[in-house]
Amino acid sequence: MDVEYYTVNKPGVIVPVSRELLLDHGLVEPTPVERAERERRAAEWRQRAEEHEARRAAAREALAAITAPVARIVLDLHVENPRGECGGDDMDGYDAEFPEWPCRTVEKVAAHYGISF
């Protein structure tokens with residue numbers, strides 16, 4: 001795909017900016033072809049997101065059905081928090097980031113029971 005660049009002139013500075021970036025920020029109007037392509041990509045992304053969430057929902061249900069005591073303790077500890085992160089991993093430091101759920105621990109327990117995400 002060819003990238004078309006524009007220049008933004010400010011006193012003493014010229015910055016090349018791609019048309020794609022200008023489109024993303026609403027600084028130029030898309031052509032009908034660009035609009036159709038962007039809408040097609042957005043529809044594809046929404047479809048993939050829906051499929052991904054359906055698989056995660058099925059995996060959540062399968063994990064909830066596990067009753068083995070040790071597995072249940074681990075799964076209850078590594079529960080998904082409202083931000084979609086694992087709530088069972090202790091984090092420390094100002095720049096620490098919680099792992100996304102399912103974390104490696106939940107994935108290992110799920111794999112043991114034949115559940116895939």
Side-chain angles (χ1 to χ4, degrees):
M1 178 173 141
D2 292 332
V3 177
E4 187 175 345
Y5 283 93
Y6 296 82
T7 56
V8 177
N9 293 314
K10 293 285 181 186
V13 178
I14 297 175
V15 179
V17 180
S18 71
R19 178 165 176 80
E20 192 69 27
L21 185 63
L22 294 172
L23 285 167
D24 287 345
H25 290 280
L27 299 172
V28 295
E29 283 295 315
T31 65
V33 172
E34 289 171 331
R35 182 174 283 116
E37 176 63 16
R38 291 168 81 79
E39 289 171 359
R40 183 191 65 76
R41 282 191 213 161
E44 275 182 9
W45 182 87
R46 282 190 299 273
Q47 177 66 30
R48 284 194 311 268
E50 289 172 6
E51 291 168 358
H52 176 73
E53 188 52 40
R55 286 191 304 272
R56 284 176 65 106
R60 281 185 191 102
E61 288 179 20
L63 287 171
I66 294 173
T67 58
V70 173
R72 191 73 262 148
I73 290 169
V74 171
L75 291 173
D76 289 345
L77 175 64
H78 289 269
V79 68
E80 182 178 14
N81 70 18
R83 294 184 307 261
E85 302 164 337
C86 176
D89 293 311
D90 294 330
M91 302 304 292
D92 200 7
Y94 70 93
D95 62 344
E97 293 183 20
F98 285 92
E100 289 185 17
W101 192 90
C103 65
R104 290 183 303 179
T105 305
V106 172
E107 288 174 346
K108 293 292 184 190
V109 172
H112 177 77
Y113 287 95
I115 301 167
S116 80
F117 283 90

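Throughout, residue positions are numbered sequentially from 1 according to the sequence presented.
L77 and V79 are members of different hydrophobic clusters when ILVMFWY side chains are connected at heavy-atom separations under 4.5 Å.
T31 is listed as a side-chain neighbour of R19, based on a closest heavy-atom distance under 4.5 Å.
Closest non-hydrogen pair, L63 versus R72, comes out as O-NH1, 2.9 Å. Residue E34 comes nearest to E29 through the heavy atom pair OE1-O, 4.3 Å, listed as atom of the first residue, atom of the second, then distance. Of all heavy-atom pairs between C86 and H78, the closest is SG-ND1, 3.2 Å. The two residues E107 and P102 have their closest heavy-atom pair at OE2-O, 3.5 Å.
With rounding to the nearest 0.5 Å, the separation of NE2 in H25 from CD in E20 is 10.5 Å. E80 contributes atom CD, which lies 9.5 Å from atom CD of E100 (distance to the nearest 0.5 angstrom). Note: R38 CZ to R41 CZ = 7.5 Å, rounded to the nearest 0.5 Å.
The local environment of CZ in R104 is sparse, with at most 12 non-hydrogen atoms from other residues, nucleotides or ligands closer than 6.0 Å.
A salt bridge links R40 with E37: at least one charged nitrogen is closer than 4.0 Å to a carboxylate oxygen. Taking the charged nitrogens against the carboxylate oxygens, E50 and R46 have no contact shorter than 4.0 Å, which rules out a salt bridge.
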Could you list the donor-acceptor pairs under 3.5 angstrom formed by side chains in residues 110-117, with sequence neighbours left out?
none

